[in-house]
2 protein chains.
Amino acid sequence: MYRIEHREAVDAYIQFHRLERVLPDRLRSHAAVYVFAQGENICVQGEPASTLYVLVKGKIKVFHNSPEGKTLVLSFRTPLEVIGDLEYIGGDAIHNYVEAVTEASMIGISYRALRESGEDHAPLLRFLLEMMVKKLNYRTNHSSLNLMYPVEARFSNYLLSVCCDETDARFRGRLPVANVQDTANLLGTSYRHLNRVIRKLCDEGLIERNKSYIQVLEPERLKRLAGSLGKEG
Amino acid sequence: MYRIEHREAVDAYIQFHRLERVLPDRLRSHAAVYVFAQGENICVQGEPASTLYVLVKGKIKVFHNSPEGKTLVLSFRTPLEVIGDLEYIGGDAIHNYVEAVTEASMIGISYRALRESGEDHAPLLRFLLEMMVKKLNYRTNHSSLNLMYPVEARFSNYLLSVCCDETDARFRGRLPVANVQDTANLLGTSYRHLNRVIRKLCDEGLIERNKSYIQVLEPERLKRLAGSLGKEG
DNA sequence: GGCGGGAAAGGACATATGTCCCGAAAATTA
DNA sequence: TAATTTTCGGGACATATGTCCTTTCCCGCC
C-alpha cells in the first residue's frame, strides 16, 4: 500500500464520484488516497479500527473468520462503498477482513479527523446513512437467499451475475477455477459440495469446466435454475 | 392503534430514553405517540412508507414474507429501536411486516416533517446511524449463526436466551407452545423440523414439553449444545 | 521419462433438513 | 354428547450438505 497525499488526487476522485458536499474542504485536508496492490490486506479482523475508507476504484472482498476458523465471504464490492463505517460509529474493533481483489484505491480519513471536523456535517452523515442502508439491504438479501435456496440455485445465480456484470469481455461468462474456493465461501458452503454441484451442472450441459475456468453454456437454463432469485446487490 | 397527540406523552418518553437532543422542539411538535394493541400490525410489507417510528415501550416482531410465501422472522425487538429508517433513507416501500407482540408504544414522525425539519439535524442523523449499526450487527450475527450451526444449537441458544432474559418470573424458563411456529420461522427452519428437534431434546431429558409450554430442565447441558454461540443481539 | 509432493476432484457415508401426508387430540358446532 | 372441523405431532421418504478419505492430476526435480 502507498499513500498519495496530493490534494489533487483526492479531489479528482471526489469530483468523479460527486462527493463534493459529503467531504468538504476541512475534511479533505485530512484525507489521502490509499492504493492497495492486488491481494493486499486492507483491514484485518480484530485489530483496532482507525480509518474510514471510501472505495473509489477497484474491487475488494469482505470476509469474516469465525472462531471455529471457517471463512465466510460476505461480499465483493466495487465503488462506491464505505469501509470502516460500522467501526467508526460503534467504536468496535474491525469486524471483517477486507482484501483488494484488483488494485484498489480508497479515500481514507482518520476517525480522529472525522470526529474533529465532520461529526456534525449533515451531508457526510446522510451519505454514511445511505451507504449503510445499501449495505444492510445487501446483507439481508444475501442471507435470506442463503436460507431459502439450495447451493445449486445460488451458484447459478452467482455465475450469471459474474457473466453479465463483468465488463472485461475476455472473462465474459467465465469463472476462473482459482476462485472456486472463494465462491464456496461466498455461498456459505463447502468446497466439496460446490464441486459436486458444478459437476452436476456440467453433466447436464449447462456449464463447462476447463483447467482454468468455468464457462457458461446455457444461460437460459441456468436462469431457470436460479429461479426467482434477484440479482446480486 | 390510537394516537396520543399530547405533547406531554411524547416528552415523557423522550426524557425517559434521553432523546432530548435527538428530537429537538421543532421535530417534537410533529411527533405523536402511537399505541398499538397486542397482535396489531404496525407495518405492512409492500405498502408505501410514510412514518418513522421509535419503539419506546413494549415488544415487537419483525418478519418478512418471501415471494414464495415463506415467513422469516427477522427479530423480536424491545426499546430502543427504530422502525422505518431504511425506508426513510432509501425511499423504498416497506420491507417487512412489523407486529406488536405486547402492547407497544412508538413515537412516530412523518417523513415529510423529518425532511422539512430534521434533514440536517446532526444528532438525529447520528442517532439513526447508531441504531442502524446495531441493526446491521444483529442481522449479520443472526444470519451467520443460521449458516454455521444446526437448528438444534440455534434452538438451544434461543431457549436459553428466552429463559434468562425474560423479566416476567412466571415465564422463567418456559416457551409458550403457541410460539413454536414463530420460533421455527425465527430459526429459519420448518415447523416440522423444529418439532423433531424438540422431541429429541425431550427424549434426552434436557427440556420438557407440556400442553401449553416448553420448560427448560437442564440449562447446563443445553448450554453445551448451544456451543459457542453468542447471546442474542 | 520416472518419481515424490501437493493441490484438486471425487467416492462413501453420516447428518441435517424439507415435504407430504396421516392419524390423534383439541376445539367448535350441531 | 356426538359430529365436524381444525390443529398438532410425528412417520416415511427425499434432498441437501458436511466430513473424511482416497484417487487423480499436475508440476517440478532427478
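Chain naming here is simple, since letters A, B, ... match the order of the sequence lines and numbering starts at 1 in each. Quantities reported herein were computed from a predicted structural model and do not represent experimental measurements.
- Salt bridge absent: K70(A) and E68(A) never bring a charged side-chain N and a carboxylate O closer than 4.0 Å.
- When R199(B), K200(B), R224(B) are each tested for a salt bridge (charged side-chain N to carboxylate O under 4.0 Å, His left out) with E152(B), only one passes: K200(B).
- Going from atom CZ of R199(A) over to atom C1' of dT24(D) covers 13 Å, rounded to whole Å.
- One interatomic measurement links the two molecules: CG of N195(B) to P of dT17(C), which rounds to 14 Å at whole-angstrom precision.
- Side chains of N65(B) and T71(B): a donor-acceptor N/O pair is present below 3.5 angstrom, by distance only.
- Ring geometry for Y53(A) against F36(A) counts as perpendicular: the plane angle is over 60°, on a 0 to 90° scale with 30° as the lower cut.
- In this structure, N179(B) atom CG and dT7(D) atom P are separated by 16 Å, rounded to whole Å.
- Residues R3(B) and Y34(B) bring a donor and an acceptor atom of their side chains to less than 3.5 Å of each other.
- Nucleotide dA16(D) holds its P atom 7 Å from the CD atom of E152(A), rounded to whole Å.
- What separates CZ of R209(A) from C1' of dT24(D) is a distance of 13 Å, to the nearest Å.
- Between Y149(B) atom OH and dT17(D) atom C1' the separation is 17 Å, expressed in whole Å.
- R139(A) and S143(B) share no donor-acceptor pair across their side chains, judged by distance under 3.5 Å alone.
- If you take CD1 of I198(B) and C1' of dT17(C), they are 15 Å apart, rounded to a whole angstrom.
- As rounded to whole Å, 11 Å separates atom P of dC26(D) from atom CG of N210(A).
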Under 3.5 Å, which N/O atoms of the protein pair with N/O atoms of nucleotides 18-22 of chain C?
from    : atom 1 : to      : atom 2 : distance (Å)
dG18(C) : OP2    : T189(B) : OG1    : 2.5
dG18(C) : OP2    : S190(B) : N      : 3.2
dG18(C) : OP2    : S190(B) : OG     : 3.1
dG18(C) : N7     : R196(B) : NH2    : 3.0
dG18(C) : O6     : R196(B) : NH1    : 3.1
dG18(C) : O6     : R196(B) : NH2    : 3.3

